[in-house]
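Ligands are counted one by one from 1 in listed order, and the atoms in each one are counted from 1 as well.
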Amino acid sequence: MRKQIAAANWKMNCTFQQGEKLLDDILGAEIGLSAHRFAVFAVPYPYLLMTRSELEEEQNYYAAAQNCHHKKAGAFTGEVSAEMLHSMNINYCVVGHSERREFNAETNAMLADKVNLCLENHITPIFCCGEPLAIREAGTQNDYVATQLKESLFHLPGVTIKNIVIAYEPIWAIGTGKTASTEQAQEIHHYLRSVIAAQYGEAIANEIPILYGGSVKANNAKELFSCPDVDGGLVGGASLVAADFIEIIKALK
Ligand code: PEP
């Protein structure tokens with residue numbers, strides 16, 4: 001079975017102490033994850049080591065960065081490189097979240113560089129794609145997200161693209177309380193997989209986890225994750241409430 005992943009995105013929330021408590025509360029639920037089920041916590045940079053050490057004894061629980069820089073190293077004050085993350089044994093990094101695309105003007109080309117640097121440093125990129133409301137209303141969401149994949153990922157050879165995770169996050173559903181219906185989620189996840197299959201073949205397309213993000217909550221996770229092409233979720237708001245994220249982890253297939 002494909003990897004199924006519940007990924008928390010804390011964004012710029014929680015003090016250090018609140019973050020520690022949140023992790024303790026979630027781990028206190030003792031949800032054993034083995035084989036194909038994973039929980040990943042994308043936390044602010046200063047909390048990465050604490051998160052990694054909290055999760056050290058747990059099987060299939062991982063810390064993730066929320067971003068990395070698109071250049072290897074150099075005079076980029078305040079930035080963090082993929083190589084630095086690797087040197088701290090961080091295994092996952094969110095790349096191309098819509099908030100960074102919007103507020104930090106991240107382009108598809110820049111994201112291709114970030115993906116490359118992550119992979120060179122043995123970090124699994126959680127590559128975000130997804131359309132704004134106007135594109136959904138115009139009905140052109142498939143072309144929009146396919147272009148995001150093509151321009152940021154399709155330079156990779158098949159042996160390498162297998163190592164990424166995709167998160168489809170319709171921008172109109174992020175932090176709005178508006179969730180894509182299971183039909184909408186399944187339809188576009190299936191489409192994305194078919195675009196990957198057309199480029200790389202069915203076998204590779206079937207290996208790549210495609211997470212859904214956009215107002216995933218404790219009460220809708222199970223239904224969304226039950227879709228055949230939805231392999232878990234990237235979760236913002238509900239990942240900040242231990243009881244909710246516990247339910248979301250439990251909802252993984
Ligand atoms: C996100 O930040 O990636 C996200 C999906 O947020 P929320 O779950 O709050 O919509």
Side-chain angles (χ1 to χ4, degrees), residues 3-14 18-19 22-23 26 38-45 47-48 51 62-68 92-104 106 108 111 114-115 118 124-133 135-136 141 144-145 148-149 152 164-182 184-186 188-189 192 209-227 229-252:
K3 274 188 182 176
Q4 304 291 306
I5 304 170
N9 178 13
W10 289 5
K11 312 193 187 193
M12 198 172 73
N13 292 299
C14 294
Q18 288 166 340
L22 181 53
L23 288 171
I26 292 167
F38 293 78
V40 174
F41 295 85
V43 302
Y45 291 133
Y47 305 172
L48 278 170
T51 303
Y62 289 99
Q66 297 177 9
N67 177 45
C68 65
Y92 287 87
C93 181
V94 176
V95 171
H97 191 281
S98 60
E99 286 151 16
R100 293 205 56 89
R101 289 176 187 261
E102 182 181 352
F103 305 134
N104 299 77
E106 293 190 351
N108 290 342
L111 299 176
K114 292 190 189 211
V115 165
C118 283
T124 301
I126 301 176
F127 176 79
C128 302
C129 59
E131 79 286 356
L133 185 59
I135 296 288
R136 171 63 67 164
Q141 65 274 7
Y144 188 91
V145 288
Q148 289 179 319
L149 294 201
S152 298
I164 64 149
V165 172
I166 292 171
Y168 166 69
E169 299 205 304
I171 298 170
W172 47 270
I174 297 179
T176 58
K178 240 189 203 178
T179 315
S181 65
T182 45
Q184 286 173 320
Q186 171 55 26
I188 197 154
H189 280 228
L192 289 175
I210 307 181
L211 317 185
Y212 168 78
S215 299
V216 174
K217 305 288 176 205
N219 62 8
N220 62 18
K222 189 118 201 149
E223 204 187 339
L224 284 161
F225 298 174
S226 70
C227 298
D229 285 295
V230 176
D231 304 311
L234 179 56
V235 186
S239 73
L240 300 171
V241 179
D244 291 356
F245 199 61
I246 288 167
E247 288 311 309
I248 291 168
I249 299 172
K250 286 182 178 168
L252 289 174

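Side-chain N or O atoms of Lys178 include none that pairs as donor or acceptor with a backbone N or O of Ser215 at under 3.5 Å. Within the 3.5 Å criterion, the main-chain N or O of Ala180 finds a donor-acceptor partner in the side chain of Tyr212. A donor-acceptor contact shorter than 3.5 Å links the side chain of Gln66 to the backbone of Ala42.
Residues Cys128 and Arg101 come closest through the heavy atom pair O-NH2, 2.8 Å.
Close contacts of ligand 1 with Asn9, meaning ligand atoms under 4.0 Å from a residue heavy atom, involve 1 (C), 2 (O), 3 (O). Near Gly214, meaning under 4.0 Å from any of its heavy atoms, are these atoms of ligand 1: 5 (C), 10 (O).
For the pair Ile174 and ligand 1, the shortest N or O to N or O distance does not fall below 3.5 Å. Considering backbone and side-chain atoms alike, Gly237 places an N or O below 3.5 Å from some N or O of ligand 1. An N or O contact shorter than 3.5 Å links Glu169 to ligand 1 by distance. An N or O contact shorter than 3.5 Å is missing between Lys217 and ligand 1 by distance. Of the N or O atoms in Gly236, one or more lie within a sub-3.5 Å distance of an N or O in ligand 1. For ligand 1, the polar-atom distance check finds an N/O of Ser215 within less than 3.5 Å of one of the ligand's N/O atoms.
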Step by step, work out the side chain to side chain donor-acceptor pair (under 3.5 Å) result for Asn108 and Gln148.
CA-CA 6 Å; Asn108 290 342; Gln148 289 179 319; 4.9 Å; no

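Here Ala173 has backbone heavy atoms under 4.0 Å from ligand 1, and that is the only part of it that gets that close.
When ring centroids are compared, Tyr92 and Phe38 stay outside the 6.0 Å threshold.
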